[in-house]
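Since the structure is predicted, the reported quantities are computational estimates derived from the model, not experimental observations. Sequence positions, counted from 1, serve as the residue numbers for this chain.
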Amino acid sequence: MQPPSAELAPPKDDPFSREQLKEFDGSDTSKPIYVSIKGTVFDVTRKADTYGRGKSYNLFAGRDASKALGKSSLKEEDAIPDYSDLDESEMKTLNDWHDFFSKRYNIVGKVTDLPTFTTPGASGQSSSL
């Protein structure tokens, strides 16, 4: 596991639609590689050997795959932003991944068109992820 980066840029709040995010999936080596977790977009380009096209974690590139991260899953059907059905342990895993990325990768924006889901422990209240 890599240590936290001391050279992170200040977080950006640039808007990304899910469609725009797809452009940063590692298939075009002239573009950065972005991964979104809970709507926060991280630049993981420096780990192209992990997130680039054909690499082990490319499933997460160019999309918000929060559910898959929470479930520690590499299944395509889990690579979706809706994490509302994660149990408490899986939510902790998802939050741990968000914290891990926040300490190691630059935040370049937010996904602006994620659907609204009811999140675990929200007592029936809807929350935009």
Flag the pair [X] / [Y] as yes when at least one side-chain heavy-atom distance between them is below 4.5 Å, and no otherwise.
{"X": "Asp25", "Y": "Arg63", "value": "no"}
{"X": "Val108", "Y": "Phe16", "value": "yes"}
{"X": "Phe24", "Y": "Ile33", "value": "no"}
{"X": "Leu94", "Y": "Ile37", "value": "yes"}
{"X": "Ile80", "Y": "Asp78", "value": "no"}
{"X": "Pro115", "Y": "Arg18", "value": "yes"}
{"X": "Thr40", "Y": "Lys110", "value": "yes"}

In Å, rounded to the nearest 0.5 Å, how long is the span from [atom1] of [X] to [atom2] of [Y]?
{"X": "Asn106", "Y": "Tyr34", "atom1": "CG", "atom2": "OH", "result": "9.5 Å"}
{"X": "Asp87", "Y": "Thr93", "atom1": "CG", "atom2": "OG1", "result": "8.5 Å"}
{"X": "Phe100", "Y": "Tyr105", "atom1": "CZ", "atom2": "OH", "result": "5.5 Å"}
{"X": "Phe60", "Y": "Ser66", "atom1": "CZ", "atom2": "OG", "result": "10.0 Å"}
{"X": "Asp82", "Y": "Asp64", "atom1": "CG", "atom2": "CG", "result": "10.0 Å"}
{"X": "Phe101", "Y": "Ser36", "atom1": "CZ", "atom2": "OG", "result": "10.0 Å"}

### Task
Verify, without hydrogens or angle tests, whether Asn58 (side chain) and Tyr51 (backbone) share a donor-acceptor contact under 3.5 angstrom.
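Indeed, once roles are kept as given, a pair shorter than 3.5 Å links the two residues.
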### Query
Do you see a donor-acceptor pair shorter than 3.5 Å between the side chains of Lys38 and Asn95?
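Short answer, yes.
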### Intermediate values then yes/no, side-chain contact (heavy atoms from CB on, under 4.5 Å), Glu76 and Leu59
CA-CA 7 Å; Glu76 182 72 31; Leu59 173 76; 3.3 Å; yes
### Sidechain N-carboxylate O distance under 4.0 Å for Lys67, Asp85
yes
#### Entry: Salt-bridge criterion met for Asp96 and Lys92 (N-O under 4.0 Å)
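Salt bridge: yes.
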### Message
So which atom in Ser102 and which in Ile107 form the shortest heavy-atom distance, rounded to 0.1 Å?
### Response
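Taking Ser102 first and Ile107 second, the nearest heavy atoms are OG-CD1, 4.5 Å.
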### Query
So, for Val111 and Ser17, which heavy atoms are closest and what is the spacing to 0.1 Å?
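Where Val111 meets Ser17 most closely, the heavy atoms are CG1-C, 4.5 Å.
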### Heavy atoms of other groups near Glu88 CD, more than 12 under 6.0 Å
no
